[in-house]
Structure formats: structure tokens, C-alpha cells
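Let me begin by presenting the structure, written as C-alpha cells, before commenting on it.
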Amino acid sequence: MTDNQVNRNDAHRGKGLNIRTFWKKVAASFPGIRKRRLVTLTAASCCLLICSACGLSSPDATAVPLRIALITPAGTGELAEAIRLGAEAAAKENGAELITVEAYPSDSDVYTPAILDSVGSQIQVKQANADRGTLSRSAREQAQVKAAASALKQGASALLVDPLSEKALSDIIQEAQTTNSDGTIVPVIVLNDEFPVKGITSFISMDNVEAGRQAGQAMAELLEGKGHVALLGPDPLNSGLIQREQGVMEALVQYPNIQVEPKSICNTRDGCWQTAKQLLDQQEVDGFISLQEPASLGAADELNRRKSADKVRIVGFGSEQQQLEQLQEGVFDHLIVQNGYSAGYLGLNQAVARLNNQQVQARVLLETKLVSTDNMFWMDNQKLLFPFVQ
């Protein structure tokens, strides 16, 4: 049977699947996974105690594993989880210890170690203020820098960072360069974004220009080469999103009967919902290209409110649970999805290589795919969308 036949069979079976039911089953399976890890860890501990009692030792028993920290912005959802799982897998293969830190802004951050597993300790920063939605961007940036500083104090020899902004990344690199007492510089591996900041060991990210071209071409085909397209996205200082917009325009310039409205700036889901509402109230819009997750969900909220999801097309970026649900329901026509699992896996491998004085790639490009209702349950795309499912 050919790969195409397998994918068609997967797609046919996927017609009967429901994303919400799928996620509930996945969530229910995690306690069992955790229990198996504890059983394995307990058995391993018993063996070590027995060996110690018998006077047996390994030549590597005193070797200290590399300690590498993964620092993600608070509330970044399924992509952050996929990155963590990829980093955990690579840490296990390399015998490294992974510290995961999710940075919640608060005046009283509490660092609580989670249950130890075969990869290493996990540390989560918990927020005292329950209303996270009202936190300013600068507060989130400060929390991310604070999380990096804490990881360095706990002995992290390398940092994997999904930065909120160029400023946050610059401050984190400054922390990494001034914290190490032995004169060595702590490597900083950047995930998902590229910023013009000095001192970065390696970038692990999608080719944003190519991803933008995919989004633009997909929209042109949906509109059959004519209509009005609106771009939604955050502030113009994010270099990755600038590149996505560039790719969109490179694709759509080939279609003279498609008119592209100037990009509308919005940073939150509610803000993008209001922006989409104003655009639809004021002018004819046949399609939205949303350059990141909040813009995609905000536009979808307005189309759901108007009950016009079948009339106005949306091509978005991201693979959050709500986006996948609305893709299956037909609100989204396409999503551009990146491989978060690979970002974490390759990022940790780059960090280990640098710490072992091996060659490191300055830039690693991740695979991106255009996912639709028709192909979201193909086997290859399931690995991309649901990397935690074994």
C-alpha cells in the first residue's frame, strides 16, 4: 500500500473522530503514564541501594549530568507542551537533566519542584494573581528574565528560550553572560523566533517567509484568485511575523484580482476579535490571514458570532486545541503548523553539542505544514499535531 493510500485511509477514519473527545482521552491517559514512570523510578532506586550496600559502583557514578533549562512564556499552550516533550526526549537520550520553567508574573513567584522522573526535575513558577489576562507585556517579559536568572542560579549550564520579545531575549542573554563564575558563557538556544540579538548560540525556528507564502497561496486558491483579504497580526517589531507578512505578500502579488488591506495590528484574542468586527462592519472582506494564534482565534470568534464561517475564509497559524476544534468544524480553512516537538528536541541537542565543544548550527529550520480538515488525520499530520500521543 502506498503512502498516499495510507493517508487517504487515515483521512477517511478521521471523519468520524472528534477533537474534543480525542483530547479528553489523551488527558485521561496521563495519570497512567506518570504512575509507570514512578514505578520505573522506584525500581531503579532499589537497584541502586542494593548495589551500594554490596559495595558495587560504576566508574560514571560520580559524573554530574548536564543541566539544561527550558524557559517558555506563561500560557503558551499546546506548542509549549510539545516543545517540552521534545526537549525531554532529547535530554533522556543524552543523559542530561532538564529543568522546565514557565514564567508567570507575580510579586511572589513560588518555585515548586514537580515529581522527579527519568529526565530530571521540573520547576514551575506559580502566579499569586489569578487574573493573568490583565498582566502587561512588560510584566511577562520581566517574569521570563527572572525565570532565566533563577534557572542559572540553580546551575543550568545552557538555556533553551522561547522569548516573548527582543528585549526579554537581550536581558536573558545578559544574565547568561554575567552569571557564570568560571568565565565560560552559558549557551542560549532560541526557539520559534529570530531576533537580531548578539550572543545567541543557535536559532531553531520555522522558515517564516516560506510559511507566509504557504498561507498566501492557500488563500488565493480558496478565493479562486479574486477578492479582498485582510491581514491580522501583532505589533510590527516581531521579526518573525514581519517575515510571515512578507511571504504572504510575495504569494498574493501574483494575483492582480486580490486586494490586500493594510495589516491590522492586534495583540490579544479580544483585541483581534474587535478588529475583525470593525473590518467586517466597514468594508467587504472575503478572507482573513491571521499571522499568529490570538489573531486566528479572534477572527474566528467574530465569524462564529455572525454565523458567517462558511462565507469568509480564514487561514491561520498555530495548533492550539481550540484552533484544531474549529478547523474540524470548518471555521478555519487551513492552519500553518510548525513542529514544536522538533524545536525542543533539536534545541536540546544543540545545547548538548555546544557544552561538549562540538559543532553547532547557527540556524536550524523546522518543518511547516498546511493542514486542513481533509488531511488533519493523516498519519504524518497526527504526529505533528499530537506529538504527545505515542
For D281, is there an ion pair with R306 - N to carboxylate O distance below 4.0 angstrom? yes
S138 and Q142 side chains, donor-acceptor separation under 3.5 Å: no
Any side-chain donor near an acceptor of the partner, Q350 and S202, under 3.5 Å: yes
Using a 3.5 Å distance criterion without hydrogens, assess whether the side chain of S170 forms a donor-acceptor pair with backbone atoms of E166. yes
Using the rule side-chain contact (heavy atoms from CB on, under 4.5 Å), only one of L159, L70, L160 pairs with I189; which is it? L160
Shortest non-hydrogen contact between A295 and C272, atoms and distance: CA-SG, 3.4 Å
Q338 pairs by side-chain contact (heavy atoms from CB on, under 4.5 Å) with which of K369, E367, M206? M206
Looking at every heavy atom in both P163 and L191, which two are closest together, and how far apart are they? CD-O, 3.7 Å
Go through the steps to decide whether Q217 and Y255 satisfy the test side-chain hydrogen bond (donor to acceptor under 3.5 Å, both in side chains), and finish with yes or no. CA-CA 10 Å; Q217 182 61 35; Y255 297 88; 2.9 Å; yes
Q283 atom CD: more than 12 heavy-atom contacts under 6.0 Å: yes
For F288 and L280, run side-chain contact (heavy atoms from CB on, under 4.5 Å): C-alpha distance rounded to whole Å, both residues' side-chain angles, the deciding distance at 0.1 Å, then the answer. CA-CA 10 Å; F288 286 105; L280 290 168; 4.0 Å; yes
Go through the steps to decide whether V190 and D162 satisfy the test side-chain contact (heavy atoms from CB on, under 4.5 Å), and finish with yes or no. CA-CA 6 Å; V190 177; D162 182 0; over 6 Å; no
Checking the side chain of Q323 only, and the main-chain atoms of E320 only, is there a donor and an acceptor separated by less than 3.5 Å? yes
With no hydrogens and no angle check, is any side-chain donor or acceptor of D286 less than 3.5 Å from a backbone partner on G227? no
Between S157 and V186 the two heavy atoms that sit nearest each other are O-CG1, 3.6 Å
Could you tell me whether a side-chain N or O of D333 sits under 3.5 Å from a main-chain N or O of I314, the two making a donor and an acceptor? yes
Are Q322 and Q326 close enough, and set up right, to give a side-chain hydrogen bond (donor to acceptor under 3.5 Å, both in side chains), and what steps lead you there? CA-CA 6 Å; Q322 290 185 48; Q326 295 192 68; 4.7 Å; no
Is NZ or CZ of R244 both nearer than 6.0 Å to the six-membered ring centre of F317 and within 45° of the ring axis? yes
How long is the gap from CG on L169 to CD on E141, to the nearest 0.5 Å? 11.0 Å
How far apart are the C-alpha atoms of E250 and Q246, what are their side-chain angles, what is the distance that settles it, and do they pass the side-chain hydrogen bond (donor to acceptor under 3.5 Å, both in side chains) test? CA-CA 6 Å; E250 287 180 6; Q246 175 189 336; 3.0 Å; yes
Are any side-chain N or O atoms of T373 and backbone N or O atoms of L327, one a donor and one an acceptor, separated by less than 3.5 Å? yes
Hey, mind stepping through V229 and I289 against side-chain contact (heavy atoms from CB on, under 4.5 Å) and telling me if it holds? CA-CA 7 Å; V229 175; I289 296 180; 4.0 Å; yes
Would you tell me whether E93 and N349 have side-chain atoms, one donor and one acceptor, within less than 3.5 Å of each other? no
Pair E97, I68 - check side-chain contact (heavy atoms from CB on, under 4.5 Å), show working. CA-CA 6 Å; E97 181 185 7; I68 298 170; over 6 Å; no
Scan side-chain atoms only and decide if E88 and Y345 contain a donor-acceptor pair under the 3.5 Å cut-off. no
Check this for me, if you would: do R269 and D301 make a salt bridge, where the nitrogen-to-carboxylate-oxygen distance has to be below 4.0 angstrom? yes
Has the side chain of D207 got a donor or acceptor atom that lies under 3.5 Å from a matching backbone atom of V209? yes
Just by distance, with hydrogens left out, do Q278 and Q274 show a side-chain donor and acceptor under 3.5 Å apart? no
Whether over 12 other heavy atoms sit under 6.0 Å from E224 CD: no
